[in-house]
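Reminder, nothing fancy here: chain letters follow the sequence lines and each chain counts from 1.
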2 protein chains.
Amino acid sequence: MIVSDVLATGLLQGLDKETAESVLLLAERRMVAAGDIVFTAGEPACAVHVLVSGVVHLVQCTPNGSRIIVKYVRPGEVFGSPALLGRFYPTDAITVTDCLELQWPSEVMRWLVDRNPAMALNVIRNLEARLREMESRVRDLSTEPVEQRLARAILQLVDTYGQLTEEGVEIPFPVSRQDLADLIGCTLHVVSRTLSTWETQRRVKRYRRRLVIADVEAVAGVLYGSQPQVREAPSLPVHGVEAIATFHSAAKISIGRHDVNNAT
Amino acid sequence: MIVSDVLATGLLQGLDKETAESVLLLAERRMVAAGDIVFTAGEPACAVHVLVSGVVHLVQCTPNGSRIIVKYVRPGEVFGSPALLGRFYPTDAITVTDCLELQWPSEVMRWLVDRNPAMALNVIRNLEARLREMESRVRDLSTEPVEQRLARAILQLVDTYGQLTEEGVEIPFPVSRQDLADLIGCTLHVVSRTLSTWETQRRVKRYRRRLVIADVEAVAGVLYGSQPQVREAPSLPVHGVEAIATFHSAAKISIGRHDVNNAT
DNA sequence: CGGGCAGTTGAAGCTCCTCAACTTAAGTGG
DNA sequence: CCACTTAAGTTGAGGAGCTTCAACTGCCCG
């Protein structure tokens with residue numbers, strides 16, 4: 001089945017064929033329509049989820065009405081892992097497109113992880129990656145202005161979801177200005193203005209809840225331009241370069257990686 | 001030995017006595033003087049570390065010279081877990097006080113985790129907690145102004161390290177204005193100004209690289225005051241409350257939890 | 001006792017947010 | 001199919017919050 005391909009790089013990595021299949025047999029398969037809720041923040045985490053196809057985003061809302069997009073989940077990724085520890089879901093998980101997901105009840109997943117060190121390691125791998133991701137976002141929020149944060153966010157979307165069209169690279173699911181704002185921690189107004197000027201510079205094309213990057217390199221240029229040269233930088237190890245590497249991989253490899261069904 | 005007490009809540013949780021002791025026997029014990037480097041960002045992660053006593057912080061530096069304090073590690077916590085996956089250290093780990101740490105070479109830890117599901121689960125628990133921490137920081141950076149971020153950061157320091165003295169609750173290791181700034185993502189100037197006004201309000205006392213909270217509740221009040229009432233809040237699950245809960249536990253329980261040797 | 005690091009404080013300026021009015025696109029129902 | 005409704009997006013003006021620049025104070029260590 002195709003499902004196992006998606007999981008081969010994630011939860012099932014390093015498992016032999018039989019155990020992988022038995023793990024899959026224990027999963028509940030579920031279709032979720034675009035815009036639906038997979039789970040809700042605050043409720044007891046009853047299952048570990050893996051996205052097979054489509055796009056899910058993890059969202060938090062604050063008491064004063066702001067919304068934060070914590071993460072876009074891509075096919076193959078684990079989400080809802082607090083279920084392993086008998087915790088509560090820390091975020092809402094909401095589908096952006098029609099999705100297919102697998103889920104394992106907490107106890108089942110716990111049983112599997114106890115028995116298969118490789119699976120435990122895969123969970124660790126996943127968490128480690130997400131931690132790096134969040135550290136990187138804290139770094140950006142702390143040190144970079146909106147324009148650069150926006151460039152980074154868009155480049156990352158391009159890198160993981162971008163599909164090549166005649167107009168340029170397109171993000172194959174609805175992304176509003178507000179979504180981008182919630183992703184980089186600013187208001188939709190600034191995003192709107194920034195994209196406006198970027199459009200006049202032929203970097204992007206703007207549509208309703210749709211994002212097309214006409215010139216990926218030009219968007220990446222926003223990042224380069226920011227550090228013309230090092231001023232007094234002690235030759236300590238330094239971060240912020242990997243995003244540029246990420247971009248390069250984007251331009252070469254990852255365009256049109258997933259086939260995500262457009263929706264709503 | 002006392003070491004095992006520290007670890008009982010962390011890496012060794014749920015292990016029977018014999019295996020716990022054999023795990024400890026495989027560890028290398030290491031004293032690190034205040035201000036020294038445990039490991040450096042970018043170098044191959046060769047060992048998983050656990051802090052036994054003292055304080056370590058994880059730090060990142062950006063190309064344009066900013067510094068971010070990613071985390072204060074407290075006794076019992078695991079750090080350097082990328083070693084498990086054969087990655088590179090993503091941050092510098094630098095001691096704030098004299099420290100005692102244990103470390104396991106990557107392969108050894110990998111061997112242990114493969115053999116003891118409980119240990120794998122403990123690593124997962126640790127990563128999960130750190131992920132929540134970082135998500136919370138992203139939320140704060142995105143939505144809250146400096147004064148509230150500062151209040152939260154200080155309350156968290158109080159919660160995990162605070163010691164009750166006659167002046168109030170003290171953070172038992174050196175914390176500069178720059179440190180606080182790097183923790184909440186702003187400049188030392190804003191921190192300085194904010195602490196100034198807080199001192200006139202008898203909330204804190206200011207010293208050189210030393211922080212005393214005279215009135216914990218008053219500092220927590222900064223957070224309450226921020227959301228006078230909900231404006232249009234849909235009754236969706238909401239975040240930002242747990243920080244207040246955190247504070248309450250701070251006021252009651254956690255003062256004087258660790259005995260950290262002051263240094264430098 | 002002097003040099004340097006940590007911290008304070010003022011003033012100016014820029015980035016971003018807020019408020020507000022308006023435009024455009026996508027449904028919705030008669 | 002077209003008026004109506006609603007959501008998404010744009011753009012301007014004003015102002016708050018934070019950064020930057022700069023000058024200065026006080027503390028600690030050699």
Next item on the list: Treat primed atoms plus P, OP1 and OP2 as sugar-phosphate and everything else as base, then score nucleotides 8-13 of chain D 5' to 3': B for base contact with protein heavy atoms under 4.0 Å, S for sugar-phosphate contact only, - for none.
Entry: BSSBBB

Under the rule for side-chain hydrogen bond (donor to acceptor under 3.5 Å, both in side chains), what residues qualify as partners of [X], not counting sequence neighbours?
X: A:S196; result: A:R206
X: A:R67; result: A:D179, A:D182
X: B:R130; result: A:E135

Next item on the list: Tell me, please, which residues at least two apart from A:E43 pass salt bridge (charged side-chain N to carboxylate O under 4.0 Å, His left out).
Entry: none

Next item on the list: Taking salt bridge (charged side-chain N to carboxylate O under 4.0 Å, His left out) as the test, write out the residues that go with A:E77, two or more places apart.
Entry: A:K71

Checklist line | Side chains of B:Y207 and B:E167, donor plus acceptor under 3.5 Å | finding: yes

Between [N] ([atom2]) and [X] ([atom1]): distance, integer Å:
X: B:D182; N: D:dT19; atom1: CG; atom2: C1'; value: 15 Å
X: A:R149; N: C:dC17; atom1: CZ; atom2: C1'; value: 13 Å
X: A:E144; N: D:dT19; atom1: CD; atom2: C1'; value: 16 Å

Next item on the list: Check whether any side-chain nitrogen or oxygen of A:T187 sits under 4.0 Å from OP1 or OP2 of C:dC16, and answer yes or no.
Entry: no

